[in-house]
Amino acid sequence: MADEGTGEATRDFIRDIIQADLDAGRVQTVVTRFPPEPNGYLHIGHAKSICLNFGVAAEFGGRCHLRFDDTNPTKEEQEFIDAIAADVKWLGFDWGVHLYHASDYFEQLYAWAEHLIGKGLAYVDDQSPDEMRAARGTLTEPGRDSAFRGRSVAENLDLFRRMRAGEFPNGARVLRAKIDMASGNMNLRDPALYRILHATHPRTGDAWCIYPTYDFAHGQSDAIEGITHSVCTLEFEDHKPLYDWLIQHLPVPSRPRQYEFARLNLGYTVLSKRVLTTLVRDGHVSGWDDPRMPSIAGLRRRGVPAAAIRDFAGRIGVARAYSVVDYALLEHCIREQLNRSAPRRMAVLRPLKVVIENYPQGQTETLPAVNHPDDPEQGMREITFGREIYVERDDFMEDAPKKFYRLSVGREVRLRYGFFITCTGIVKDEAGEVVELRCTYDPATRGGNAPDGRKVQATIHWVEATTAVPAEIRLYNQLFTRPDPGAAGDIFADINPNSLEVLSGALVEPALAAANTAETVQFERTGYFCPDPDSTSTRLVFNRTVGLRDTWAKVKAG
RNA sequence: UGGGGGAUAGUUUAGCGGUAAAACUCCCGGCUCUGACCCGGGCAUCCUUGGUUCGAAUCCAGGUCCCCCAGCCA
């Protein structure tokens, strides 16, 4: 895992705090945790948190727990629990034996709730959700005390036990902390600690019908596990006073501290679980692992290496200021990683037939090609050359400007690993479309160099007609049309109708037919691609992970 | 108009009283059997106003703008 591009010992305020705690002896062993709620799949925003929590633990010789925050059985599923664990592992992190669930602590949390009641710091409220909302006040006006706030300890205890016993329907009562209904911090206006939820929990089944809220479960779970630095995102900042209040009033075994950082925002991308869930549910994408999704599963299926995601997480930094990261940075990290590892292959996305007129009919020959120009270890392979080949449509222009280096009538180019060819003529169909090129080749340039030392301006990729293998290639574009999806109102109106482009007539070199591995390869001059699970023995399907940088496209665009 | 937090190149970060650093993007140029990679070069009134100081992005005071909070979600 020490393969990150610039994975140097990055510095940020979280690491500074930990270093200071270690130096001052406040903490002996750093213990962090990644606490996902299993109500959806992980996305690249979670990857930032995962890399931070596991990264920091590793750097300081501590440990990081994986803890499922499974306190709301109405939204959580086993499928998500399994997928999340698989994704964290795929990203390259290991929680060892430290796999936990907030539900592991339900009994202890319940006991602490009674403890709070006993100290007169919590009470059972009979108000309905609507009444509670009305009594909570607003951002500028204080709330009003509930009529049930003054119940005796005995009555609270009795009612709370009966809540647990299942005597009341959902929403009938709730256990609340008794703090301050006039606090400027809404979280301190007697927050709910336990609610009645007659629902089957993925792990505890029907053992419970009351469940702790996030606020009551999270900090105490941290304390039970001995978490030293509970790192979360900025929106929990207002919860810290409550987090601390609970830790202070409960006989917990340790005193964890919460620290907040800014969550990741990515241009042209949505990292809201609510929206992502809707995209999947309403069929805007094929599933959580659709290659257009910013989910870990989607990125993986698209061919993005875990190391690229780790590198990305390291480069975006950790701070407290709201920010939106350029999508281009992610692409850069992917390209950098793949450039040095991905085997090179040739594939023609939009084929244009070429007949080499002076090459013998019915004859073929093989030519050696390197698998990676900078890595001899990857070896060589043989590619077939013959009279009929296919080149990329974009590599021919009828009225080519001076800046266009590729094929045009009268121009000579090099076929990668092959010969120099010169275009001598074109064939058009009735519609006037160029459907075939006539060329001649120079036998003396076999292997790619001219004995007379003449140069060509371009080298293009190609495949030989009789040996090429047909393939479907899926090109992905941004899932949203604007850098700030939803900023104009309806986020679903910003979905890009052209986010998926399928090329069904692509031709790839035979070596790719054996690409059954999940390995991402480079199609020379076009980009990085990986076989999609939709591939079958009779139909090859490739996903474009990311294109190569294309300077010509910019020149052409003017 | 309550509470909490934040403002450094187009973007994300560094800088912690000594004269703005890096990466990405973009632009210019070089190299090249991938117009890729790689290699040069360019791109900042440090939100603002005033103060302290020999010296301020850093310290102080006042503004401005942005983000989060009124779930029995997390």
Side-chain angles (χ1 to χ4, degrees), chain A residues 5-6 10-12 16 35-37 39 69 71-72 74-76 125 127-129 132-134 136-143 170-176 182-189 191-197 210-211 213-215 217-218 232-241 260 262 267 273-274 315-333 335-336 339-340 344 346 369-370 373-374 403-406 414-418 420 447-449 455-461 522-527 547-556:
Chain A
T6 56
T10 51
R11 228 57 230 180
D12 53 64
D16 287 345
E37 183 194 11
N39 66 343
D69 227 327
T71 58
N72 186 349
T74 66
K75 294 190 174 176
E76 297 150 9
D125 195 339
Q127 292 184 106
S128 69
M132 267 182 66
R133 188 179 315 117
R136 185 153 29 232
T138 68
L139 295 179
T140 52
E141 304 160 40
N170 289 354
R173 290 179 224 265
V174 66
L175 182 73
R176 292 229 252 172
S183 173
N185 182 340
M186 301 299 283
N187 295 298
L188 263 22
R189 320 248 262 225
L193 267 24
Y194 264 92
R195 70 292 211 194
I196 299 171
L197 249 31
I210 58 170
Y211 293 91
T213 56
Y214 162 83
D215 286 309
H218 201 89
C232 63
T233 45
L234 251 28
E235 62 268 31
F236 292 101
E237 217 167 350
D238 290 343
H239 292 248
K240 182 150 61 183
E260 315 85 17
K273 251 199 227 176
R274 191 200 111 244
R315 292 197 198 213
I316 57 179
V318 178
R320 291 175 63 85
Y322 174 87
S323 61
V324 182
V325 175
D326 255 342
Y327 195 84
L329 179 61
L330 210 212
E331 293 187 323
H332 170 80
C333 293
R335 290 195 189 101
E336 185 176 87
N339 176 51
R340 53 180 196 235
R344 310 286 123 125
M346 290 204 285
V370 301
D374 306 317
K403 289 292 227 175
F404 185 78
Y405 300 154
R406 288 108 93 153
R414 172 169 39 232
L415 294 177
R416 181 81 156 147
Y417 308 122
F420 284 13
N449 288 301
K455 302 287 185 194
V456 287
Q457 287 206 99
T459 298
I460 65 174
H461 59 281
Q522 184 193 95
F523 287 179
E524 296 217 40
R525 302 209 309 133
T526 55
L548 252 30
R549 284 189 72 227
D550 190 352
T551 306
W552 167 242
K554 285 175 194 163
V555 173
K556 192 169 58 172

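Order of the sequence lines sets the chain letters (A, B, ...), proteins ahead of strands, with each chain counted from 1.
Using P as the reference atom, B:C46 and B:A57 are 7 Å apart when rounded to the nearest Å. Look at the P atom in both B:A20 and B:A56: the space between them is 12 Å, to the nearest Å.
Relative ring orientation between A:H239 and A:Y214 is described as perpendicular, the plane-to-plane angle rising above 60° on a 0-90° scale split at 30° and 60°.
Remark: A:E331 pairs with A:Y327, A:R335, A:V546 by the side chain to side chain contact (heavy atoms under 4.5 Å, CB included) rule, at least two apart or across chains. With sequence neighbours left out, the salt bridge (Lys or Arg N to Asp or Glu O under 4.0 Å) criterion links A:R406 to A:D395.
Using a 4.0 Å heavy-atom distance criterion, A:R406 is classed as a base contact. Residue contacts for A:K273: at a heavy-atom cut-off of 4.0 Å it reaches no nucleic acid atom on any strand shown. When heavy atoms are screened at a 4.0 angstrom cut-off, A:F404 is found touching base atoms of the nucleic acid.
Candidate nucleotides B:C72, B:G35, B:U34 were compared by shortest atom distance to the side chain of A:V174, and B:C72 ranks first. Of the candidate nucleotides B:U13, B:G2, B:G4, B:U13 has the atom lying nearest to any side-chain atom of A:A319.
Under 3.5 Å, the side chain of A:D326 and the base of B:G10 form at least one donor-acceptor pair of N or O atoms. Judged by distance alone, with hydrogens and angles left aside, A:H239 brings a side-chain donor or acceptor within reach of the base of B:A74, the pair sitting under 3.5 Å. In this model, a side-chain donor or acceptor of A:D238 finds a partner on the base of B:G3 within 3.5 Å. Residue side chain A:Y322 does not reach the base of B:G6 through any donor-acceptor N/O pair under 3.5 Å, judged by distance alone. In terms of polar N and O atoms assigned as donor or acceptor, the side chain of A:R344 comes within less than 3.5 Å of the base of B:U34 in a complementary pairing.
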Between the protein and nucleotides 39-45 of chain B, list every N/O to N/O distance that falls short of 3.5 Å.
none

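Contact annotation: A:R136 side-chain N/O to B:C72 OP1/OP2 distance is under 4.0 Å. Put simply, A:R133 has a side-chain N or O that comes within less than 4.0 Å of OP1 or OP2 on B:G71. Neither OP1 nor OP2 of B:G3 sits under 4.0 Å from any side-chain N or O of A:S183. Contact annotation: A:R195 reaches the phosphate of B:A74 (side-chain N/O to OP1 or OP2, under 4.0 Å). Contact annotation: A:R320 side-chain N/O to B:G6 OP1/OP2 distance is under 4.0 Å.
A donor and an acceptor atom, one from each side chain of A:H461 and A:R416, are nowhere located under 3.5 Å apart. Looking at A:N72 and A:T74, their side chains do bring a donor and an acceptor atom within 3.5 Å of each other.
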Derivation and outcome, salt bridge (Lys or Arg N to Asp or Glu O under 4.0 Å), residues A:R136 and A:E141 | CA-CA 9 Å; A:R136 185 153 29 232; A:E141 304 160 40; over 6 Å; no

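A syn orientation is assigned to B:G71, its glycosidic angle lying within 90° of 0.
Once the 5.5 Å centre distance and the 30° plane angle are applied, the aromatic ring of A:Y214 is found not to be stacked with the base of B:A74.
Base-pair partner of B:A61: B:U49 (Watson-Crick or G-U wobble, both distances under 3.5 Å). Summarising the base pairing, B:A36 is matched to no nucleotide, lacking a Watson-Crick or G-U wobble pair whose two defining distances lie under 3.5 Å. When both pairing distances are held under 3.5 Å, B:C54 makes a Watson-Crick or G-U pair with B:G18.
Between A:D374 and A:S128, the residue whose closest nucleotide on RNA chain B is further toward the 5' end is A:D374.
At distances below 3.5 Å, at least one donor-acceptor pair connects side-chain atoms of A:T138 with backbone N or O atoms of A:T140.
The aromatic ring centres of A:F404 and A:W552 sit less than 6.0 Å apart.
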